[in-house]
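Below you'll find the structure, written out as structure tokens, and then a few comments.
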Amino acid sequence: TRNGIDFAVADLSLHEFGRKEIRLAEHEMPGLMAFRREYSGVYPLKGARISGSLHMTIQTAVLIETLVDLGAEVRWASCNIFSTQDHAAAAVVVGPHGTEEEPKGVACFAWKGETLPEYWWTAEQMLTWPDGGGPNMILDDGGDATMLVHKGKQYETQGVVPSPEADDSDEWKVFLALLKKSLEADNGKWTKIAEGVRGVTEETTTGVMRLYQLAAAGELLFPAINVNDAVTKSKFDNRYGIRHSLIDGINRGTDVLMGGKVAVVCGYGDVGKGSAESLRGQGARVIVTEIDPICALQAAMDGYQVARLESVLPTADIIITTTGNKNVVTVEHMAQMKHQAILGNVGHFDNELDMAGLQRYPGIRKNNIKPQVDEWIFPTGRTIIVLSEGRLMNLGNATGHPSFVMSNSFSNQVIAQVELFTKFKEYDNEVYRLPKVLDEKVARIHLEALGGELTKLTKDQAEYIDVDVEGPFKPEHYRY
Ligand code: NAI
């Protein structure tokens, strides 16, 4: 704690570098800056205590400072052990008007390269406010903060915490140890925190899936807004964001030429589409694997070979998973990969690759090349290069999505936070999406920033296609 702000970051002296990059990012984040202007002097988030769990990057710093500008108090942690940019974390603690000796920013608990016990410790710090209370809003990416509150309450009231899938995983054991410790210190803490939360706004596909599962089971403890499925989020960040950051991660991690190589993309949803385009842009021959015939056909029509992983393992130089599913690349697959082939995952959790199986493989050895790049040596002498230990490699090996696309995503986050914080009484414990007119507003701001000219409907034309001159321009079921 310094100047009343508690924090755990790698190096606070990095704040000046962080501030310089934040200043450049602000220019590239016109959506967030527009909200600062629109709400100037209004403070719609006054009284909001937001606990945020989202990759602590430069872009997230601009989001955090927008939330503060709108009146919120904020505590933050990263939602991934490798995704923090240490200069961004330092800069949000110091704040735009503070110094290293007298920080005036927000409480932040994040550094690049956390261990799992440290990760869950930062999550608990982020949700525990200095007065002993909890947040009244959660901003989540992947659902870990939401899960901690839900499982914490379940542990306190029922004493059992079944994991949906991974009871014996190391990750789950670490998580249970944290719950046990917190229960010993303060039995009832998570129940109290759960009661104080007005709502959660969720950033990503995987977190949204977890929320719908909770809601379907009748177990969701507060209303949720699914930010991911705003069109200006998933059709932009998931797709065009990864188009930028996937190859950035491969380049920074390996510097291997992609042109002429065979790259396999597992999954052809939004992230898969951006990944395939990104690799093709480098001249790689891209092959797609899919379980869904619609997405598979899309891939085929886009000109990619569609195949099963098993059929293409002997030729693949690069394999990237984008499914949000588990065990997509098994250890048996890995053992059959080409010598020095590259394996990376950009789906939310590391269980897309059977990393646990790889560690247990008889006779396997690991040779660390540099942080977030490991060569795994099979007993045959054949090796594969695994990026970021199977975790989101576009954030682990590079710096994630660029500012402009994150401005779209985070504009939706700000809208969702204001909506739930101010109108939570109008919402049930269900999962909601933002109205289309707000999606169009976010798009409009970013189109203008790019100098795009939007055609205006005449009244006559609007009547003919049965929409309002000012929008929304599409029915809910339209897919873009
Ligand atoms: P999506 O649902 O649009 O796409 C996933 C696709 O994977 C689907 O088409 C599905 O049919 C396919 N799939 C499922 N199991 C498969 C299997 N065994 N083999 C082949 N294909 C399979 O989801 P979206 O939005 O593309 O997100 C995917 C993951 O990426 C999620 O975990 C999400 O949270 C994460 N994500 C990561 C980002 C990053 O920066 N790295 C950014 C945004 C999302």
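Start at 1 and go down the list; that is how both ligands and their atoms are numbered. These numbers come from the heavy atoms of this one structure, side chains and all, not from hydrogens, waters or symmetry mates.
Under 4.0 Å from any atom of ligand 1, one finds heavy atoms of residues Thr204, Thr205, Thr206, Asp237, Asn238, Ile242, Gly267, Gly269, Asp270, Val271, Thr289, Glu290, Ile291, Asp292, Cys295, Thr322, Thr323, Gly324, Asn325, Val328, Val346, Gly347, His348, Leu392, Asn394, His401.
A donor-acceptor pair under 3.5 Å is absent between the side-chain atoms of Thr201 and the main chain of Ile225, judged by distance alone. When atom types are taken as modelled, the side chain of Asn80 and the backbone of His55 share no donor-acceptor pair closer than 3.5 angstrom.
Every side-chain contact (heavy atoms from CB on, under 4.5 Å) that His150 has, sequence neighbours left out, goes to Thr146, Leu214, Leu220, Leu221, Phe222.
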Can you list, pair by pair, the side-chain donor-acceptor contacts under 3.5 Å of residues 255-270, counting residues two or more places apart and other chains?
{"residue": "Lys261", "atom": "NZ", "partner": "Leu257", "partner atom": "O", "Å": "2.9"}
{"residue": "Tyr268", "atom": "OH", "partner": "Asp302", "partner atom": "OD2", "Å": "2.6"}
{"residue": "Asp270", "atom": "OD1", "partner": "Lys235", "partner atom": "NZ", "Å": "3.1"}

Listed pairs under 3.5 Å, donor-acceptor, residues 367-374 side chains, sequence neighbours left out:
{"residue": "Asn367", "atom": "ND2", "partner": "Glu375", "partner atom": "OE1", "Å": "3.0"}
{"residue": "Asn368", "atom": "ND2", "partner": "Lys370", "partner atom": "O", "Å": "3.2"}
{"residue": "Asn368", "atom": "ND2", "partner": "Val373", "partner atom": "O", "Å": "3.4"}
{"residue": "Asn368", "atom": "ND2", "partner": "Asp374", "partner atom": "OD1", "Å": "2.8"}
{"residue": "Lys370", "atom": "NZ", "partner": "Arg252", "partner atom": "O", "Å": "2.6"}

(request) Output, in order, the C-alpha distance, side-chain angles, deciding distance and verdict of salt bridge (Lys or Arg N to Asp or Glu O under 4.0 Å) for Arg391 and Asp350. (result) CA-CA 5 Å; Arg391 296 166 200 273; Asp350 62 335; 3.4 Å; yes
